Amino acid sequence: MIPFDAVLFDCDGVLVDSETITNRVLRDMLEEIGWRMTLAESMAIFVGHAVRDRRALIEANTGKSFSEDWLAAFWQRRNSALEAELLIVPGAMAAVQALHKACNGRIACASGADRGKIEMQLRKALLMPYFEGRIYSGHECARNKPHPDVYLAAAAALKVDPARAAVIEDTANGSAAGLAAGATVFGYCPGGPGHDSAEALRAVGVLHLFSDMAQLPAVLADAKGGSIT
């Protein structure tokens with residue numbers, strides 16, 4: 001058994017390896033309207049944040065008003081690239097299957113991304129059967145991450161006390177949302193682009209860190225002395 005009633009997963013960087021693809025498209029489109037930066041700089045600014053929530057920064061660096069038409073065009077180009085290139089995070093399928101069984105189906109995907117992106121990525125990664133009907137988008141909440149709304153919505157839908165939920169995150173922004181919801185956050189920090197460092201996760205209060213997604217069921221089981229069956 002695991003000592004939690006539900007497991008709530010972020011999507012980007014946790015279930016799918018999408019951040020480099022998304023930020024490559026974003027960097028290119030921002031350059032087209034006047035903001036030139038490297039891919040690494042784009043990732044440092046945007047990973048863990050919804051593009052819409054960076055509106056003021058985009059306007060300041062491009063000198064142009066942020067528009068929903070531009071955002072829709074970005075989503076279209078981003079989704080085309082993800083459809084062509086997206087890969088599942090190594091070990092994620094085994095972890096999701098094991099935890100879906102251990103929690104009697106009480107797992108959810110709670111992402112700061114738009115619903116279309118979340119659902120497309122879960123289908124592409126063959127994870128949709130484990131999350132269908134339990135997908136929550138920060139775009140559909142009053143506030144997105146780092147506020148707790150999307151995790152609170154997921155826990156409420158599963159009829160689980162957030163304090164009895166494990167949240168799986170890889171960014172400081174998302175981890176702050178999970179902690180604010182009252183959940184126990186497990187920080188995935190494998191290193192490399194698209195993931196915040198162990199130091200960044202610790203800085204917002206994450207106590208449980210791991211680097212291999214395949215080991216997540218065992219990590220959760222060991223958190224309070226439980227053991228997965």
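The structure presented is a predicted model; accordingly, all values stated were derived computationally and were not measured.
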Open item on the list: Looking at Gly105, is its backbone amide N or carbonyl O close enough to the side chain of Arg134 to form a donor-acceptor pair, meaning the two atoms are under 3.5 Å apart?
Closed with: yes

Open item on the list: Please check this pair: side chain of Ser137 against backbone of Ala113, looking for a donor-acceptor N/O pair closer than 3.5 Å.
Closed with: yes

TODO: Please determine if Arg77 and Asp28 form a salt bridge, counting it only when a charged side-chain N lies under 4.0 Å from a carboxylate O.
DONE: no

Task: side-chain contact (heavy atoms from CB on, under 4.5 Å), paired with Arg27, selected from Met37, Glu32, Glu41 - done: Met37

Open item on the list: Check this for me, if you would: do Arg55 and Glu68 make a salt bridge, where the nitrogen-to-carboxylate-oxygen distance has to be below 4.0 angstrom?
Closed with: yes

Open item on the list: Contact between Asp161 and Asp5 at the side-chain level, heavy atoms closer than 4.5 Å - yes or no?
Closed with: no

Task: Ring centroid separation Phe9 to Tyr130 under 6.0 Å - done: no

Task: Arg202 side chain near Ser197 side chain, heavy-atom distance below 4.5 Å - done: no

TODO: Would you kindly say whether Asp170 and His195 are connected by a side-chain donor-acceptor distance under 3.5 Å?
DONE: yes

Open item on the list: Check for me, please, whether Met43 and Trp35 land in the same ILVMFWY cluster - side-chain distances under 4.5 Å, paths through other members count.
Closed with: no

TODO: Find out whether Phe46 and Thr22 are in side-chain contact, i.e. whether some heavy atom of one side chain is under 4.5 Å from a heavy atom of the other.
DONE: no

- [ ] Write down the atom of Leu216, the atom of Ala95, and the distance for their closest heavy-atom approach.
- [x] CB-CB, 4.3 Å

Task: Heavy-atom check, side chain of Leu158 versus side chain of Leu8, under 4.5 Å - done: yes

Task: Donor-acceptor under 3.5 Å (Arg54 side chain, His49 main chain) - done: no

